Visitor: 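Sharing a structure, written as structure tokens. Questions coming.
Just so it is clear, the structure is predicted and the values come from calculations on it, not from any experiment.
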Amino acid sequence: MTIAFYGRKGCYGRIQYALTVLWLFFVSLSAGAVHAAKDVQQVQKLLRKMSEAVRELSYHGLFTYEYGGSLDTLKVIHTVREGVEYERLQHLSGPEREFLRSGQSVDCLPPGDQLLRGRMLSIGKKSLGLEQNYDFYIREGERIAGREAVVLQVVPKDTFRYGYTIGIDVESGLPLKSLLVGNNKRVLERFQFVELDVGAVDDEQLQPAYNKHRVAGHQLKNCDNRITPSFSKNWKATWLPKGFLFTGQRKTESDGDMLMFTDGLTAFSVFIDPVIDKVLLEGKAHRGATVAFMSRVVKQQQPFSVIVVGEIPDVTAQRVASSIKSIP
């Protein structure tokens, strides 16, 4: 099995994740600077607007992305034409690299975005309650990249998840800044636009600048947006942090299973693959805030690798991995 270590498709997926998923930086709240959100609907409205803006608007700009002691400067060009997304992401520092993506419908949403847009199917008494797992604070009157912004702080109520501080553009809803920190208050990742223009993108802007160092993204033509809130037929997690739910699964390249879980703000995946004629790795690895925790499980005398990948604390990934059991 090939692991998308960054949580999605390599480095490209990492940056796209930064643009679409909420990150948090837990900071001291000065008196009068922020106020508690009036209700969770107010927060959901902000998040829904951001989720839609990232995917549906045309924009281009420069941003910095910091993780694990590294700082990159990148250019992003994004547009939607006849309901299809096109994007070019170019590294302006370090080796010449750029990532191209096209052919994905704006209606093709990952599980986290589907939840933010209220497209989760009815799950009865197990419905998600963001306010049960996070506290929300809003600060207005901020200015980021020369644009008026509102800052949303999302503070977790336990140590099994990270929280987020996000600066959201008042005019467009695009995320202008995002920071994430570990439970020890150490900043794990930082993303911030330094220049942003919202509006039409022409064909020339989408053309690659590099010929030898271009990486084409997935050309996605079809997408099944349905989320099935039932459990996997082959595997189950016997422990999950409060608020996390199973949101679906798909087959891996090696005929294994990938299970997806989310609490509505944070998502992680569990890859379970048969081990045949290869070394079974165990332990953990990090890339910024993303952890990949590797362990094993045996089903009918057949060993399987279990890899939990996501922007979650080590202890969460380890406990989830240890809880994976086969379904008879």
Visitor: Taking T79 for its side chain and V201 for its backbone only, find out whether a donor-acceptor pair lies under 3.5 Å.
Guide: no
Visitor: Quick check: does any side chain N or O of S295 sit under 3.5 Å from a backbone N or O of E282, one acting as donor and the other as acceptor?
Guide: no
Visitor: Does atom NZ of K157 have more than 12 heavy-atom neighbours from other groups under 6.0 Å away?
Guide: yes
Visitor: Before giving the answer on salt bridge (Lys or Arg N to Asp or Glu O under 4.0 Å), spell out for D197 and R147 the whole-Å C-alpha distance, their side-chain angles and the decisive distance to 0.1 Å.
Guide: CA-CA 10 Å; D197 291 307; R147 304 177 70 92; 5.6 Å; no
Visitor: Using the rule side chain to side chain donor-acceptor pair (under 3.5 Å), only one of E98, K75, R97 pairs with H91; which is it?
Guide: R97
Visitor: Determine whether V80 and L57 make a side-chain contact, defined as any pair of heavy atoms from C-beta on separated by less than 4.5 Å.
Guide: no
Visitor: Just do the salt bridge (Lys or Arg N to Asp or Glu O under 4.0 Å) check on D158 and K242 with the steps written out, would you?
Guide: CA-CA 9 Å; D158 60 36; K242 180 182 177 183; over 6 Å; no
Visitor: What heavy-atom pair brings T73 and S93 nearest, and what distance separates the two atoms?
Guide: N-OG, 3.1 Å
Visitor: Please round to the nearest 0.5 Å and tell me the distance separating atom CD of E142 and atom CG of D169.
Guide: 13.0 Å
Visitor: State plainly whether one hydrophobic cluster holds both V198 and L62, where clusters connect Ile, Leu, Val, Met, Phe, Trp and Tyr through side-chain heavy atoms under 4.5 angstrom apart.
Guide: no
Visitor: So does Y86 get a backbone contact from the side chain of H78, meaning a donor-acceptor N/O pair under 3.5 Å?
Guide: no
Visitor: Test your reading of the model: is there a side-chain donor-acceptor pair from Y162 to the backbone of P156, 3.5 Å cut-off?
Guide: no
Visitor: Find out whether F191 and E66 are in side-chain contact, i.e. whether some heavy atom of one side chain is under 4.5 Å from a heavy atom of the other.
Guide: no
Visitor: Without swapping roles, check the side chain of E52 against the backbone of K49 for a donor-acceptor pair under 3.5 Å.
Guide: no
Visitor: Is the positively charged end of K299 above the ring of W235, judged by distance under 6.0 angstrom from the centroid and angle within 45° of the axis?
Guide: yes
Visitor: Within a reach of under 6.0 Å around CD of Q207, are more than 12 heavy atoms found that belong to other residues, nucleotides or ligands?
Guide: yes
Visitor: Looking at side-chain heavy atoms only, is the closest gap between L179 and Q153 below 4.5 Å?
Guide: no
Visitor: Ring pair (Phe, Tyr, Trp, His ring centres under 6.0 Å), that's the test. Do W239 and F244 meet it? Break it down for me.
Guide: CA-CA 10 Å; W239 180 88; F244 276 90; 8.8 Å; no
Visitor: Would you give the length of the straight line joining atom CD1 of I324 to atom CG of L259, rounded to the nearest 0.5 angstrom?
Guide: 6.0 Å
Visitor: Tell me if the aromatic rings of F63 and Y65 count as close, with their centers under 6.0 Å from one another.
Guide: no
Visitor: Mind checking whether V194 and L92 sit in one hydrophobic cluster, side chains of I, L, V, M, F, W, Y counted as touching below 4.5 Å?
Guide: yes
Visitor: Return yes if some donor-acceptor pair links the side-chain N/O of R190 with the main-chain N/O of K177 below 3.5 Å, else return no.
Guide: no
Visitor: Under a 4.5 Å cut-off applied to non-hydrogen side-chain atoms, are I144 and F193 in contact?
Guide: no
Visitor: Can you tell me if S323 uses its side chain to pair, donor with acceptor, with the backbone of A237 under 3.5 Å?
Guide: no
Visitor: Hey, could you give me the CG/CG distance between L100 and L89, rounded to the nearest 0.5 Å?
Guide: 9.5 Å
Visitor: Assess the side chains of R88 and Q90: does a donor N or O sit below 3.5 Å from an acceptor N or O?
Guide: yes
Visitor: Do the side chains of R55 and E85 get close enough for a salt bridge, i.e. N-O under 4.0 angstrom?
Guide: yes
Visitor: Go through it in stages, so that I can follow the logic: the residues are V76 and H60, the test is side chain to side chain contact (heavy atoms under 4.5 Å, CB included), and I'd like the CA-CA distance, side-chain angles, deciding distance and then a yes or no.
Guide: CA-CA 5 Å; V76 62; H60 59 94; 6.0 Å; no
Visitor: Taking the six-membered ring of F293 (Phe, Tyr or Trp), confirm whether the NZ or CZ of R319 is under 6.0 Å from its centre and within 45° of its axis.
Guide: no
Visitor: Are side-chain heavy atoms of I307 and V270 found at a separation under 4.5 Å?
Guide: no
Visitor: Quick one: closest heavy-atom pair of T159 and P313, and the distance?
Guide: O-CG, 3.5 Å
Visitor: Is a donor from one side chain sitting under 3.5 angstrom from an acceptor on the other, for D273 and S305?
Guide: no
Visitor: Is it the case that one hydrophobic cluster holds both L265 and V150, taking links as side-chain heavy atoms less than 4.5 Å apart, direct or via other members?
Guide: yes
Visitor: With sequence neighbours left out, write down each residue that passes ring pair (Phe, Tyr, Trp, His ring centres under 6.0 Å) with F261, or none if nothing qualifies.
Guide: F246, F268
Visitor: For a 4.5 angstrom cut-off between non-hydrogen side-chain atoms, does T165 reach L152?
Guide: no
Visitor: Tell me if a side-chain donor or acceptor on S51 pairs with a main-chain N or O of L47 at a distance below 3.5 Å.
Guide: no
Visitor: Do you know the tightest heavy-atom contact between S326 and P328?
Guide: O-CD, 3.6 Å
Visitor: Measure from the side-chain N and O atoms of E56 to the backbone N and O of G83, and report whether any donor-acceptor pair falls under 3.5 Å.
Guide: no
